[in-house]
Structure formats: structure tokens, C-alpha cells
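In listed order, ligands and their atoms are each counted from 1. Numbers here simply count residues along the sequence, with the first being 1.
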Amino acid sequence: MKQRTLSIIKPDGVRKNLIGEVIKRFEQNGLTPIAMKMLHLTKAEAEGFYAVHKGKPFFESLTTFMSSGPIVVMILEGENAIDLNRTLMGATNPSEADEGTIRRQYADNIEQNIVHGSDAPETAATEIAYFFNALEVCPRP
Ligand code: CMP
């Protein structure tokens, strides 16, 4: 089933010059970027994106980190895009991520873990709408 998911290359991924490497992995594994932009979120914008985590012990640090530098946000489209993206990223905690995944290879810790990906169809829809309007989406034939 063809799906869409939201992907973010986080400030650590941008700082480590991994934009090209991450996008290459997506493109070479069946995930096509159909919308993309670079943004530097304010703290309030990061808090809005991660509102579901409000109240958790890591919320303050996470939203400070996510607003610490530019990010790249993308809509990825492909067969089972949500699960496929999560497989390519690896587990949230890089020390638990499978060998060869983006987080295992490049992430420093559970917070600064290079990439974000939607975890379910409902969250994908909400997260895509947080960053993109219809005119910014360029589906491939
Ligand atoms: P992400 O996939 O973007 O979803 C929520 C983010 O919160 C997660 O990646 C991590 O960056 C961060 N996160 C989740 N759990 C923890 C934790 N226990 N400690 C610190 N940060 C966390």
C-alpha cells in the first residue's frame, strides 16, 4: 500500500553534514521525497510539533535541541512508507538500533538521534499538515 510519512533530518544530522547521506538512503530504498524544505524552528514551533510529549521528562531538552539549528523536513512516499522509514532509521535509542541503520551509524544518543519519522498513519497526516500545504507537495507519476 502506497503511503506518505513525515521525515525530519534533525539539527544534529544537518550539523554532521548528513543531509545527502540520509536522503540517498531513502531514495535507494523505495522512499521518494515528494516535498522538502529547510527550516529553523522556534522553541514554540518545536513544542507544537512535539505536543504529544508535553509533560515527559525529556520534553524541555528535546524542544531546545530541535530549535537549536536548521532541520530538513520531507514528505516521503512509497510502499509501506511509515514502517519502511522506521526500519531505515532504526530504534529511537541508537544503542538499541540494528546494525546498518541511520541511528545506529550516526546518532550520539536517544535525544540527538539524527532523524524523526512518523509512527502511524494518523500521526503522519497530522505531522505532514504541520509543515506542508497542498501546493508544496509534488507527487510523482
Ligand atoms: P523522535 O522519533 O523524533 O520522537 C520523539 C523524540 O523524543 C525522539 O525521537 C527522541 O529525539 C526524543 N526522546 C524519546 N525518548 C527519549 C528519552 N527517553 N530521552 C530523551 N529523548 C527522548
Side-chain angles (χ1 to χ4, degrees), residues 1-140:
M1 182 200 21
K2 211 168 170 188
Q3 266 182 341
R4 292 178 181 182
T5 189
L6 185 87
S7 168
I8 303 178
I9 304 175
K10 298 183 178 186
D12 55 336
V14 174
R15 276 194 282 268
K16 290 181 178 184
N17 295 318
L18 291 171
I19 297 171
E21 173 63 28
V22 169
I23 294 174
K24 184 180 81 175
R25 285 181 188 225
F26 293 153
E27 290 188 318
Q28 291 185 342
N29 288 282
L31 291 173
T32 304
I34 59 165
M36 189 181 302
K37 58 181 132 184
M38 184 177 258
L39 301 167
H40 189 151
L41 297 180
T42 64
K43 181 80 158 52
E45 288 165 345
E47 288 170 359
F49 179 73
Y50 281 117
V52 62
H53 295 299
K54 198 164 181 185
K56 293 191 183 156
F58 58 82
F59 183 73
E60 178 61 28
S61 171
L62 171 65
T63 53
T64 297
F65 161 59
M66 286 300 290
S67 56
S68 68
I71 61 171
V72 175
V73 290
M74 287 171 272
I75 304 174
L76 302 174
E77 188 171 71
E79 287 296 313
N80 295 313
I82 294 170
D83 283 349
L84 175 54
N85 183 34
R86 290 170 67 77
T87 300
L88 295 175
M89 291 191 298
T92 306
N93 189 341
S95 65
E96 292 166 10
D98 287 343
E99 210 59 62
T101 60
I102 294 168
R103 285 167 169 165
R104 177 62 176 258
Q105 203 167 342
Y106 298 114
D108 289 334
N109 55 60
I110 193 170
E111 176 182 273
Q112 306 202 7
N113 59 359
I114 307 286
V115 278
H116 166 83
S118 310
D119 64 2
E122 304 71 38
T123 38
T126 311
E127 292 179 358
I128 286 170
Y130 193 78
F131 287 113
F132 295 99
N133 66 47
L135 293 175
E136 295 172 309
V137 183
C138 306
R140 310 289 178 90

**Message:** Tell me which pairs pass side chain to side chain donor-acceptor pair (under 3.5 Å) where either residue lies in residues 80-92, with sequence neighbours left out.
**Reply:** none
**Asked** Using the ring of each side chain (for Trp, its six-membered ring), is F131 parallel, tilted or perpendicular to F49, with breaks at 30° and 60°?
**Response** tilted
**Item:** Residue shell around ligand 1, heavy atom under 4.0 angstrom
**Value:** K10, Y50, H53, F58, L62, T92, R103, I110, E111, N113, H116
**Message:** If I take atom OG1 from residue T5 and atom CD from residue E77, how far apart are they, to the nearest 0.5 angstrom?
**Reply:** 11.5 Å
**Prompt:** Is the Lys NZ or Arg CZ of K16 less than 6.0 Å from the centre of Y106's six-membered ring, within 45° of the axis?
**Reply:** no
**Message:** Can you tell whether the side chains of E47 and K54 come within less than 4.0 Å, N to carboxylate O?
**Reply:** no
**Asked** So E79 and K2, side chain to side chain contact (heavy atoms under 4.5 Å, CB included) or not? Walk me through it.
**Response** CA-CA 4 Å; E79 287 296 313; K2 211 168 170 188; 4.1 Å; yes
